[in-house]
Amino acid sequence: MSRAAAPRLAIVTDSTAHLPQAVLERHGITSVPLTVVLDGEAVEDGTEDAARRLTQALRQRQAVTTSRPSPAAFAETYRRLAGAGARAIVSVHLSSEISGTHDAALLAARDAPVPVRVVDSRLIAMGLGFAVLSAAEAAEAGGTADEAAAAAAKRAEGAAAFFYVDTLEHLRRGGRIGTARALFGSALAVKPLLEMAEGRIELREKVRTAGRAIARLEDLAVQHAGSGPVDIAVQHLAAGERAAELAERLAARLPGLGELHVSEVGAVLGAHTGPGLLGAVVAPR
């Protein structure tokens with residue numbers, strides 16, 4: 001996790017935000033890692049090596065599980081930041097509907113030496129990441145913990161995440177999507193297009209081919225972005241060429257585009273989606 005000295009208002013997140021280390025350091029954000037267990041070996045999320053090993057393990061059909069940070073890990077982080085000078089902390093995390101990370105942070109916050117505001121982004125990946133950056137920007141502007149938490153919540157509320165996966169099997173195994181929906185989505189060679197809705201991963205549409213699914217993914221992202229200022233993240237697992245092509249098309253179609261991030265997701269999210277994941281996170285400003 002990031003070891004930068006704590007500002008008076010410290011911002012904490014988890015590794016599923018997929019914020020690059022340079023960005024974490026620039027904004028003084030602390031990231032607490034989740035863990036992926038690959039064939040019995042625990043590996044910290046958030047590194048290129050973890051994502052590479054995950055892809056290899058999934059393709060070899062090895063056992064893969066994930067686990068949240070413990071309340072003790074958050075408690076140690078909050079104590080360290082307080083000891084470094086933080087007077088308050090805003091801790092922003094992935095959706096509580098799909099992970100116990102938010103609950104672990106809440107438990108640790110109860111006994112923290114300084115006030116801790118825990119925010120459930122109800123999103124994943126850079127949907128969470130953009131919310132964290134909004135909290136950090138509010139803190140850098142001199143905002144209070146309440147103002148930074150509100151900035152994160154507002155950014156998350158306006159954001160959308162759409163993604164394509166080659167199969168729903170990994171989501172079904174991890175309990176992130178219902179068995180009935182997974183079976184239905186896999187029938188007749190249908191390609192699933194998903195979205196985050198009410199903090200959960202939901203089947204948005206069923207499309208006949210991968211090409212049509214990705215084209216529809218692009219259209220949904222453009223529709224949600226509208227014509228105003230917007231930041232976009234294109235994320236993937238072992239689908240770098242597809243991601244680069246999607247990012248290029250989105251850049252051409254969005255006149256209000258601000259930041260455009262293209263990155264591979266971490267091992268924890270990849271464990272639940274499998275290789276071939278392609279997603280677009282749309283975060284209007």
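The chain is numbered in sequence order, starting from 1. Excluded from the calculations below are hydrogen atoms, water molecules and symmetry mates; all remaining heavy atoms, backbone and side chain alike, are included.
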Side chains of [X] and [Y] in contact at under 4.5 Å (non-hydrogen atoms):
X	Y	result
S95	R200	no
T101	F74	yes
V234	L278	yes
Q235	V262	no
T144	L9	no
S121	R155	no
L237	V265	yes
V12	Y78	yes

Measure the spacing between [atom1] of [X] and [atom2] of [Y] and express it to the nearest 0.5 Å.
X	Y	atom1	atom2	value
L277	R242	CG	CZ	10.0 Å
S91	R117	OG	CZ	11.5 Å
E44	L34	CD	CG	10.0 Å
E41	T35	CD	OG1	11.5 Å
L260	E248	CG	CD	10.5 Å
E137	F130	CD	CZ	10.5 Å

Show the nearest heavy-atom pair for residues [X] and [Y], with the distance to one decimal.
X	Y	answer
A159	L123	CB-CD1, 3.8 Å
P275	A238	CB-CB, 4.2 Å
D120	S96	OD2-OG, 2.5 Å
A82	P113	CB-CG, 3.6 Å
Y164	A213	CD1-CB, 3.6 Å
D45	S15	OD2-OG, 2.7 Å

Can you get from [X] to [Y] by hopping between Ile, Leu, Val, Met, Phe, Trp and Tyr side chains that sit under 4.5 Å apart?
X	Y	value
L24	L94	yes
V282	L19	no
V281	L133	yes
L254	I214	yes
V90	V23	yes

Verify side chain to side chain contact (heavy atoms under 4.5 Å, CB included) between R253 and E218, making sure each step is shown before the conclusion. CA-CA 10 Å; R253 295 182 65 181; E218 178 185 334; 2.9 Å; yes
Checking [X] side chain against [Y] main chain: does a donor-acceptor pair fall under 3.5 Å?
X	Y	answer
H224	G158	yes
R285	P229	no
T66	V36	no
D231	E259	yes

Can you spot which of H18, M196, E97 makes a side-chain contact (heavy atoms from CB on, under 4.5 Å) with I124?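 For I124, the side-chain contact (heavy atoms from CB on, under 4.5 Å) check succeeds only for M196.
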Which residue is it: I11, V116, T30, V114? I am looking for the one with a side-chain contact (heavy atoms from CB on, under 4.5 Å) to L81. T30
Should we say atom CD of Q223 is surrounded by more than 12 heavy atoms from elsewhere, each under 6.0 Å from it? yes
Side chain to side chain contact (heavy atoms under 4.5 Å, CB included) between T77 and I89, intermediate numbers included: CA-CA 10 Å; T77 297; I89 298 169; over 6 Å; no
Go through H236 and L246 one step at a time and tell me if the side chain to side chain contact (heavy atoms under 4.5 Å, CB included) criterion holds. CA-CA 11 Å; H236 70 94; L246 176 59; over 6 Å; no
Audit row: F162, E205, side chain to side chain contact (heavy atoms under 4.5 Å, CB included) steps and yes/no: CA-CA 11 Å; F162 307 102; E205 297 176 13; over 6 Å; no
Is a donor from one side chain sitting under 3.5 angstrom from an acceptor on the other, for D14 and T16? yes
Are D219 and R212 close enough for a salt bridge, meaning some N to O gap below 4.0 Å? no
